[in-house]
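Accompanying notes for the structure given below.
Owing to the predicted nature of the structure, the values given are computational and were not obtained by experimental measurement. Below, chain A is the first sequence line, B the second, and so on; all start at residue 1.
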2 protein chains.
Amino acid sequence: MSTKLNHIAIVVEDIDKAIAVYRDAIGLPLTAVNEEPAEAVKVAYFPTATGEVELVQPTTSDSGIAKYLAKKGEGLHHVCLEVDNIEETAGVLTAKGMEVLGEIRTNKRGDRYIFVHPKSAHGVLIELYEPAGRGA
Amino acid sequence: MSTKLNHIAIVVEDIDKAIAVYRDAIGLPLTAVNEEPAEAVKVAYFPTATGEVELVQPTTSDSGIAKYLAKKGEGLHHVCLEVDNIEETAGVLTAKGMEVLGEIRTNKRGDRYIFVHPKSAHGVLIELYEPAGRGA
């Protein structure tokens with residue numbers, strides 16, 4: 001296995017104010033700010049040589065992430081770990097009694113992903129991610 | 001500037017139980033588990049090709065991180081961003097009215113670091129880090 005850190009996602013109330021900190025003050029390289037209507041968020045992407053930082057602002061008030069922000073406030077939302085074979089990893093987790101959230105899903109690019117509940121990962125919402133074209 | 005993601009640190013109650021998740025189930029590469037008496041923690045290091053994940057267990061009940069764990073529970077403790085020139089970055093943050101915690105400190109290897117208060121970084125405790133031998 002060669003699991004690695006893919007990205008971390010920080011939920012924020014105002015993406016422009018957050019960019020002023022993470023790009024303008026701290027110097028992270030911003031490459032794009034995209035609306036993602038399917039997820040009801042706006043995302044700022046800061047890819048670095050060693051993993052990506054994402055700032056995520058909800059664009060509606062009724063999505064899961066909007067409710068998370070309302071309840072918990074700004075801060076880390078999830079950590080994404082890239083795995084070789086997502087079925088295998090999700091299967092191992094389930095066999096060990098850990099809780100994954102729903103089924104493995106596929107995005108428009110063909111990447112597959114599933115989330116692990118924070119209570120099964122020592123308080124961190126973990127996204128498992130297998131890029132398109134890898135795996136079985 | 002070429003700021004990049006250096007590591008994320010997750011505070012846990014029992015490092016062996018957490019290793020069973022992050023190494024044995026998810027497949028992150030564990031290279032060492034070290035006692036760090038100066039910080040009153042035990043740390044498990046999982047360096048990946050794209051940044052490191054660290055699990056951190058307090059070894060006393062009266063350290064800052066032990067109190068954090070008691071108050072907030074397990075989960076992300078901080079995100080470390082590696083910068084080219086820590087004086088410059090800390091100076092920019094301060095000039096913009098953001099709060100850094102204390103002074104720039106130096107560890108045994110000569111690396112320098114300082115923390116940014118979560119209220120100044122949209123809810124995330126940020127460690128700024130400049131490896132030894134870089135900078136002015």
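Residues A:I19 and B:V83 fall within the same hydrophobic cluster, defined by Ile, Leu, Val, Met, Phe, Trp and Tyr side chains chained together at heavy-atom separations under 4.5 Å. The same ILVMFWY cluster, assembled from side-chain heavy atoms under 4.5 Å apart, contains both A:I86 and B:Y22. Connection of B:L101 to B:I104 is not established within any shared hydrophobic cluster, with ILVMFWY side chains joined at heavy-atom distances below 4.5 Å, either directly or through further cluster members. Hydrophobic clustering (side-chain heavy atoms under 4.5 Å, transitive across Ile, Leu, Val, Met, Phe, Trp, Tyr) keeps B:L28 apart from B:Y45. Hydrophobic cluster membership is shared by B:L30 and A:V124, with clusters built from Ile, Leu, Val, Met, Phe, Trp and Tyr side chains linked at under 4.5 angstrom.
Neither the backbone nor the side chain of B:E82 comes within contact range of chain A, judged by heavy atoms closer than 4.5 Å. At a 4.5 Å heavy-atom cutoff, the contact between B:K17 and chain A is made by backbone and side-chain atoms alike. Contacts of B:L81 with chain A are made by side-chain atoms alone, with heavy-atom separations under 4.5 Å and no backbone atom involved. Proximity to chain A is limited to the side chain of B:L128, based on heavy atoms less than 4.5 angstrom apart. With a 4.5 angstrom heavy-atom cutoff, B:V21 touches chain A via backbone and side-chain atoms both. For a residue to count as touching a neighbouring chain, one of its non-hydrogen atoms must lie under 4.5 Å from one of that chain's; by this rule A:L76 touches chain B with backbone and side chain alike. At a 4.5 Å heavy-atom cutoff, B:F46 makes no contact with chain A through either its backbone or its side chain. With a threshold of 4.5 angstrom between heavy atoms, B:V116 does not approach chain A through any atom at all. Of the two parts of A:E13, neither the backbone nor the side chain holds a non-hydrogen atom closer than 4.5 Å to a non-hydrogen atom of chain B.
In terms of heavy atoms, A:T3 sits closest to B:I26 at OG1-O, 2.6 Å.
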Open item on the list: Walk me through whether B:H7 and A:L5 qualify under side chain to side chain contact (heavy atoms under 4.5 Å, CB included).
Closed with: CA-CA 9 Å; B:H7 67 262; A:L5 189 57; over 6 Å; no
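In terms of non-hydrogen atom pairs under 4.5 Å with chain B, the most contact-rich of A:M98, A:E74, A:K4, A:H122 is A:H122. Among A:L125, A:I126, A:N6, A:D14, the residue making the largest number of heavy-atom pairs under 4.5 Å with chain B is A:I126.
You'll find the side chain of A:V79 reaches within 4.5 Å of the side chain of B:I8, heavy atoms only.
Within a 6.0 Å radius of CD in B:E39, other residues, nucleotides and ligands contribute 12 heavy atoms or fewer.
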